[in-house]
Amino acid sequence: MGNLCATFSPPKPPPTTLPNPSSFSISSNRWSRMRSSRRHDAGDSLTSDHALDAAAALFQKLPPDCSVSFDRSTSLRQPTSGKKNRNALPRSSSSRARSLTDPLLQPHQLVNQDIKLDDLETNHFVLVHGGGFGAWCWYKTIALLEEAGYRATAIDLTGSGIHSFDPNSITDLAQYTQPLIDLLEKLPDGKKVILVGHDFGGACISYAMELFHSKIAKAVFVAAAMLNDGQNTLDMFSLQAGSDDVMQQAQVFVYSNGNDNPPTAIELKKPLLKDLFFNQTPAKDVALASVSMRPVPFPPVLEKLRLSEKKYGSVRRFYIQTLNDNAIPVPIQESLIERNPPEQVFYLKGADHSPFFSKPQALHRLFVEISKIQRP
């Protein structure tokens, strides 16, 4: 392991044995939720009590190896009282200087319009979580997308969420992304999806883009590893390594095959999770994450991607930056964008590494906006 950067070089801990929950995939066409009538900062504060109760109830009722479908939500957005400047950009939304190649987009302008889903190339979002996360992290995004009439599918990658496989036994990226590959393989002919990848999920959707480019209308990287051909996710962190880095302090290697062999997974210290991933996230979502996150399988992190311009390069890419991110700081995100430029870039002000928790409404608006962007 002599080629690892300083970010991934803590002393070796003893092996760790992990529980194996059962497999899980969410494909939702209806996830109703109660909404607060009180207006918050750009509407980003959800009724966490109801959302978490609904999520907990769903998890308790799921049998092993199941896929749950929901009918499209019929809930309506209720107008709020009081006057509001409709030309003002919400504090939580994207703000970027206008240019010919990267125009300023104001998501609230779209939300105030009737969304013509029939005019879209696809209305189906497939949400891919980051390292250590699971399908559970997208519960707010699923609710918002389905309320707007979209279809949303959040998957658990192998050994993640409540998928039953031991993350210490995962040997490569193909095995780790198998649930995503299975989903794309089963898409009917002529059907496409919008792939969304968060964190390490960016490498996972890149892998899928190379295999199923004809089934992917757009790819959205949310504070994610958007890599070049021949790079691995570890290379991303070499762009900015420091001895006081929060990521370095938070990670602990797991050596399930013995201390004389390479690490099998990376665990994250729970006391540092908030500083690393959730520094702008509501407390209840931090609590949900602290009991739901699992180790990150290490071999897929080391695997170099093989990406071609003909396949991977044919998929339209969009990047959403998170400006208060301690896990993948802005300089790393900027470097990824500079080295592998997407079609457009968006900023999320006030968002930590987990914008599906810290800025769910603003993130949702950007997803809707990206779904509407036509080819130049």
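Closest heavy-atom contact between Ile332 and Ile328: CG2-CG2, 3.6 Å. Cys137 and His129 make their closest contact through SG-CB, 4.0 Å (heavy atoms, listed as atom of the first residue, atom of the second, distance). Across every non-hydrogen atom of Leu305 and Ala203, the tightest pair is CD2-O, 3.9 Å. Here the closest non-hydrogen pair linking Ser358 and Pro282 is CA-CD, 4.4 Å. Counting all heavy atoms, side chain and backbone alike, Ala217 lies closest to Thr122 at CB-CG2, 3.8 Å. Across every non-hydrogen atom of Ser206 and Ala225, the tightest pair is OG-O, 4.5 Å.
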- Query: Step by step, would you call Leu348 with Leu363 a side chain to side chain contact (heavy atoms under 4.5 Å, CB included)?
  - Reply: CA-CA 8 Å; Leu348 270 182; Leu363 180 65; 4.0 Å; yes

- Task: Start with the C-alpha distance between Val126 and Ile194, add both sets of side-chain angles, then the distance that settles side chain to side chain contact (heavy atoms under 4.5 Å, CB included), and finish with yes or no.
- Result: CA-CA 6 Å; Val126 175; Ile194 298 174; over 6 Å; no

- Task: Output, in order, the C-alpha distance, side-chain angles, deciding distance and verdict of side chain to side chain contact (heavy atoms under 4.5 Å, CB included) for Lys274 and Asn279.
- Result: CA-CA 5 Å; Lys274 181 173 176 62; Asn279 48 297; 5.5 Å; no

- Taking it one step at a time, do Phe125 and Tyr150 satisfy side chain to side chain contact (heavy atoms under 4.5 Å, CB included)? CA-CA 8 Å; Phe125 281 84; Tyr150 287 82; 3.5 Å; yes

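Using a 4.5 Å heavy-atom cutoff, the side chains of Asn168 and Pro297 are not in contact. Using a 4.5 Å heavy-atom cutoff, the side chains of Phe278 and Ser354 are in contact. Two residues are said to be in side-chain contact when any heavy atoms from C-beta on lie closer than 4.5 Å; Asp235 and Leu227 fail this criterion. Residues Val193 and Lys215 form no side-chain contact, since every pair of their non-hydrogen atoms from C-beta on lies 4.5 Å or further apart. In this structure the side chain of Ser308 reaches within 4.5 angstrom of the side chain of Lys311, judged on heavy atoms. Residues Thr264 and Phe253 fail the side-chain proximity criterion, which asks for heavy atoms closer than 4.5 Å. The side-chain heavy atoms of Leu366 and Phe318, taken from C-beta on, include no pair separated by under 4.5 Å. Residues Asn340 and Arg317 meet the side-chain proximity criterion, which asks for heavy atoms closer than 4.5 Å.
Screening Thr281, Asn326, Asn324 for a side chain to side chain donor-acceptor pair (under 3.5 Å) with Asp352, the sole residue that qualifies is Thr281. Results of the side chain to side chain contact (heavy atoms under 4.5 Å, CB included) test with Ile155 over Thr177, Leu180, Asp182 single out Leu180 as the only residue that passes.
Under the 3.5 Å distance criterion, the side-chain polar atoms of Ser160 are left unmatched by any main-chain donor or acceptor of Asp156. The backbone N or O of Gly130 sits nowhere less than 3.5 Å from a side-chain atom of Asp199 that would complete a donor-acceptor pair. Put simply, the side chain of Glu146 gets close to the backbone of Ala152: a donor and an acceptor are under 3.5 Å apart. Here the side chain of Lys218 pairs a donor or acceptor atom with the backbone of Ser371 at under 3.5 angstrom. Ser292 contributes no side-chain N or O that, together with a main-chain N or O of Ala289, makes up a donor-acceptor pair within less than 3.5 Å. Judged purely by atom type and a 3.5 angstrom limit, Arg294 has no side-chain atom pairing as donor or acceptor with the backbone of Gly131. Of the possible donor and acceptor atoms, one in the side chain of Gln231 sits under 3.5 Å from a partner among the backbone N and O of Asn228.
Under a hydrophobic-cluster definition in which Ile, Leu, Val, Met, Phe, Trp and Tyr are linked whenever side-chain heavy atoms come within less than 4.5 Å, directly or via other members, Leu234 and Phe221 are assigned to the same cluster. Hydrophobic cluster membership differs between Phe277 and Leu272, with clusters built from Ile, Leu, Val, Met, Phe, Trp and Tyr side chains linked at under 4.5 angstrom.
Tyr255 has its ring centre no less than 6.0 Å from the ring centre of Phe298. A ring-centre distance under 6.0 Å is not found for Phe356 and Tyr139. For Tyr312 and His213, the distance between ring centers is not under 6.0 angstrom.
Arg316 and Glu343 are joined by a salt bridge, as a carboxylate oxygen and a charged side-chain nitrogen come within less than 4.0 angstrom of each other. Using a 4.0 Å cut-off between a side-chain N of Lys or Arg and a carboxylate O of Asp or Glu, Asp285 and Lys140 qualify as a salt bridge.
Aromatic ring pairs are classed by plane angle as parallel below 30°, tilted from 30° to 60° and perpendicular above 60°; the pair Tyr176 and Phe200 is parallel. The aromatic rings of Phe357 and Trp136 lie parallel to each other, with less than 30° between the two planes, well short of the 60° mark.
Of the inter-residue distances, the one linking His353 atom NE2 with Gln333 atom CD reads 8.5 Å to the nearest 0.5 angstrom. Taking NE2 of His198 as the start and SG of Cys204 as the end, the distance is 12.0 Å to the nearest 0.5 Å. Between Lys192 atom NZ and Leu184 atom CG the span is 12.5 Å, to the nearest 0.5 Å. The CG atom of Asp172 sits 7.0 Å away from the OH atom of Tyr207 when rounded to the nearest 0.5 Å. Between the CG atom in Leu268 and the NZ atom in Lys270 there is a gap of 11.0 Å [rounded to 0.5 Å]. The CG atom of Leu195 lies 4.0 Å from the CD1 atom of Ile216; values are rounded to the nearest 0.5 Å.
Heavy atoms from other residues, nucleotides or ligands lying under 6.0 Å from CD of Glu338 number 12 at most.
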